[in-house]
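Below, chains carry the letters A, B, ... as their sequence lines are ordered, and counting in each starts from 1. Worth knowing before you read on, the calculation uses all heavy atoms, side chains too, and leaves out hydrogens, waters and symmetry mates.
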Amino acid sequence: MPHNTTDTGTPERIFIKGNEAIAHGALAAGCRCYFGYPITPQNDIPEMMSYALPDAGGEFVQAESEVASANMLLGAAAAGIRALTSSSSPGISLMQEAISYMAGSELPGVIVNMNRGGPGLGDIGPSQGDYFQSVKGGGHGDYKLLVLAPATCQECYDMMVQAFDLAFKYRNPVMVLGDAIVGQMKEPVTPWKPAAVPATEAADWRLEGAKGRKPRLLKSLFLEDGALAGQNRHLQAKYAAMQAEAKAESFLTEDAELIVVAYGSIGRIAKSAIRKLRAQGHKVGLVRPQTLFPFPGPLLRGLAEQGKRFLTIEHNCGQMVEDVRLSIRGIVDSAFYGHMPGEMPGSDDFLAPILDAMGGK
Amino acid sequence: MALYQDVIMAGFGGQGVMLIGNLLAYAGMNAGLNVTYIPVYGPEMRGGTANCTVVVSDEDIGSPIIQRPKSLIVMNQPSLDKFQPRLEDGGVQVLNSSLVDASQAEARVRTVAVPANDIADKLGNTKMANMVALGAYVRATGVVDLEVVKKSLTSVISAHYSHLIPKNAEALQAGFDHAG
Amino acid sequence: MQADERLALADDEQMAFEVPDVLVDRATHYCPGCHHGIAHRLVAEVLEEMGVVDDTICVASIGCSVFIYNYLAVDSVEAPHGRAPAVATGVKRGRTDKIVFTYQGDGDLASIGLAEVMHAANRGERITIVFVNNTVYGMTGGQMAPTTLIGQKTTTCPGGRCRDREGMPIRMAEIIAGLGGVAYSARASLDSVKNIRAAKKAVRKAFDVQQQGLGFGFVELLSGCPTNWRMDAVKANTRIREEMIPYFPLGVYKDVTEGEGVC
Ligand SMILES: Cc1ncc(C[n+]2csc(CCOP(=O)(O)OP(=O)(O)O)c2C)c(N)n1
Ligand code: SF4
Ligand SMILES: [Mg+2]
């Protein structure tokens, strides 16, 4: 385990990249299998897992493709094992079929996407162009992933632990959606040890041989009359129940006239812009969704009811803004600033859009 | 006002700017502060310069990417051309005057010129010019204690090269003294 | 060689060789000692000698050589990682009178794209595949490839490739030769002048069988990646000779030019 403890037993801070924090967090969460295929900008994750996971008694496989990685994840999940795959945008596209099968068969697994610029081969720089793919299902059929969006290296660690817990709690794939900024930057991280994974995790559905009980079947094919409709109703009820997991960071929202909504790296960059504008007396605050599905819509709606105005900032051409608008519909609209993927964003880029949205105030 | 400092360090690949970026970040962490470090990669990497950005603060840090930095460490001429125009008015820049034409320093910023290569040469190894520059930077900004920086050398120099730590500490001190 | 340097040749100097026109005169992005440049050059020379430059369509794959389209002045399309043989199938079926080739690395062709290359070969697509085997994923920073040798250390097999865990390196020229639609399959090496000459003949043959409508043409080129092998160019050439060739024997594994072709 990645534990660096001082004499007093206080966990020390370790200075690591977001990608490394993802790997450390997965190990702490009891991840037993990693499957993946190289792609920039997330190679630190498989490279670290290739030695750290065998050292921790787990299995590392470099798959022949992301199609295979995701299906290996499906297999390990069926066996009730905590397993992980990671990739970046083009590779995540290739995983969508298996992810849809996992959602349909209610199999838990964690998928990390270090979002890069697209469409197509795009570039290797940061982007939030995969928001829709992440939160609206991504593959075929009506399904949802739980989607967590870290903005700091500590959150990379913490959210991996949370991701595995949520995946098994809901028997659902969970995506951790970062980008090339949070993956490549380094920050101090305080590792912590979550409670050990109980040996009985998934005991009521996992496949381990049918000794002494009826054979089990994990599947997404429902041909009998009404069966698929029943499964879809069940899934929808589960997705509705997930709303309880919605989480966001609120920063200076209380007296704010304008709420900036931004997630991940863009959320923290927006925070710098907001600090600058606050220093000049502008009443602006930030809501940074930490879960993208479930979306913290009720929080935004509450703020809209207080008469606040909204600006959504994304590193894409306008995706999450649709969810913001849905959340506050009938009360107020949200303005939008999209920083173009392919260009590095900085807090200065957000100053004018924020002032604009404040109506020049 | 809360403690806050950000810096872009830039030079040729091989001048060790990533190393001193990490070192300053470790020192900030070891001093109990929040820090971020981000190397620049992507199209900018092909310009012949390597650079990284470090932010040190006692508050939680927002952006790790800085467009208009409060300070610079400039190890070569192309880096001066590229980053000086971005430096905030009243900001501080440490110039490696062995390789950078210090007469091009703008009056709107505070410039500390250090012949880092020459000083490192005198200490026995040009490669330590990066440490000389960082030492000068620490003096010029006071962002962290020089002793903490020296103590943090073990975090960035692998055990295999640990015999070089005293020399690097000397180089940090020489830069610090020069900037006085 | 840069254009201005060529102009600067003194009167008494002679050009030792001509740069093929189809090869674009520009600074390379490849690392010093990388063999992709040599492989590009062989393709360029062959296309020129065959007189088909203006009738050629290149399908670029994803790897360090994705930028082949910056160096070869032919019509080009970029395929997703591993899918170049399928993309080439589409191009060729759409334009049966054109010369269509893919240029793929070992990760691209022998890992993620194994299904596509096997089926294109098996169908006997009239396309040519130039396969650059450097035993690593060059572009992404030196991870294990399907061709990585036993014991070879990479960033994802830091202890060295192990037969029990990662299996044996895949010998593509032999596998391709075993498929029905293949007219020509050979392996050559770019480590020395002598081997480069032989490699050019193999590249030519792999294009000839396409032009003659005989079937699928495949040529594997053993190549160096000094950067990810963490050695200089000279040592990289030695490694090809001492470690790669013994496991990946050079030679022609299938050649139907004497007969009627395939299917
Ligand atoms: C679907 C997908 N997965 C992964 C990648 C990342 N990727 C780019 S190039 C490459 C491998 C290149 O290796 P190889 O084919 O051997 O070519 P080389 O660079 O060694 O010449 C990979 C995995 C990608 N672009 N798309
Ligand atoms: S990384 Fe390897 S394959 Fe890629 S250009 Fe450099 S030497 Fe060639
Ligand atoms: Mg390769």
Side-chain angles (χ1 to χ4, degrees), chain A residues 4 12-18 40-41 116-117 122-127 151-155 179-190 249 251-252 260 262 265-279 286 288 315 339 341-351, chain B residues 1-6 8 18-47 50-70 83 85-88 144 148 152-156:
Chain A
N4 217 349
E12 241 178 46
R13 296 196 294 173
I14 53 175
F15 185 59
I16 50 176
K17 281 187 184 184
T40 311
R116 60 186 243 183
D123 68 9
I124 58 172
S127 159
T152 65
C153 297
Q154 184 70 51
E155 278 188 350
D179 67 7
I181 296 173
V182 75
Q184 294 300 322
M185 67 181 285
K186 285 189 185 178
E187 274 181 307
V189 170
T190 306
E249 177 196 355
F251 176 68
L252 305 177
V260 172
S265 306
I266 298 301
R268 68 184 291 167
I269 294 171
K271 195 186 242 184
S272 287
I274 288 167
R275 280 196 178 120
K276 268 183 211 168
L277 292 172
R278 277 275 174 180
L286 172 74
R288 178 174 66 85
H315 198 187
H339 197 81
E343 284 166 3
M344 212 46 161
S347 56
D348 289 354
D349 296 322
F350 302 167
L351 298 176
Chain B
M1 170 72 195
L3 185 143
Y4 177 92
Q5 185 61 270
D6 58 47
I8 295 180
M18 303 302 190
L19 186 80
I20 53 170
N22 270 286
L23 178 56
L24 180 64
Y26 267 107
M29 178 172 89
N30 293 337
L33 299 165
N34 291 318
V35 291
T36 63
Y37 162 90
I38 193 164
V40 161
Y41 73 111
E44 286 199 52
M45 208 164 73
R46 290 183 210 123
N51 73 76
C52 63
T53 301
V54 177
V55 183
V56 181
S57 176
D58 60 4
E59 280 190 324
D60 68 320
I61 296 170
S63 183
I65 299 162
I66 304 299
Q67 289 165 317
R68 294 187 59 75
K70 294 187 183 304
F83 291 107
R86 291 198 207 162
L87 184 59
E88 253 187 19
V144 278
V148 182
S152 304
L153 278 168
T154 49
S155 304
V156 295

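Here B/I61 contributes atom CD1 and A/E187 contributes atom CD; the two are 6.5 Å apart, rounded to the nearest 0.5 Å. How far CD1 of B/I65 is from CZ of A/R268: 9.5 Å, rounded to the nearest 0.5 Å.
Pairing each heavy atom of B/G62 with each of A/R275, the nearest pair is N-NH1, 3.7 Å. Taking every heavy atom of both residues into account, A/D348 and B/R68 meet most closely at OD2-CG, 3.5 Å. Considering every non-hydrogen atom in both B/S63 and A/S272, the closest pair reads N-OG, 2.7 Å.
The local environment of NZ in B/K70 is sparse, with at most 12 non-hydrogen atoms from other residues, nucleotides or ligands closer than 6.0 Å.
Among B/T53, B/V35, B/I66, the residue making the largest number of heavy-atom pairs under 4.5 Å with chain A is B/V35. When the candidates B/N30, B/N34, B/D60 are compared by the number of heavy-atom contacts under 4.5 Å with chain A, B/D60 comes out ahead.
In this structure, the portion of A/K271 lying under 4.5 Å from any heavy atom of chain B is its side chain and not its backbone.
Evaluation of the side-chain contact (heavy atoms from CB on, under 4.5 Å) rule for B/L19 yields B/N130, B/M131, B/V156 as partners, not counting sequence neighbours. Take A/R116 and apply the side chain to side chain donor-acceptor pair (under 3.5 Å) test, not counting sequence neighbours, and it matches no residue.
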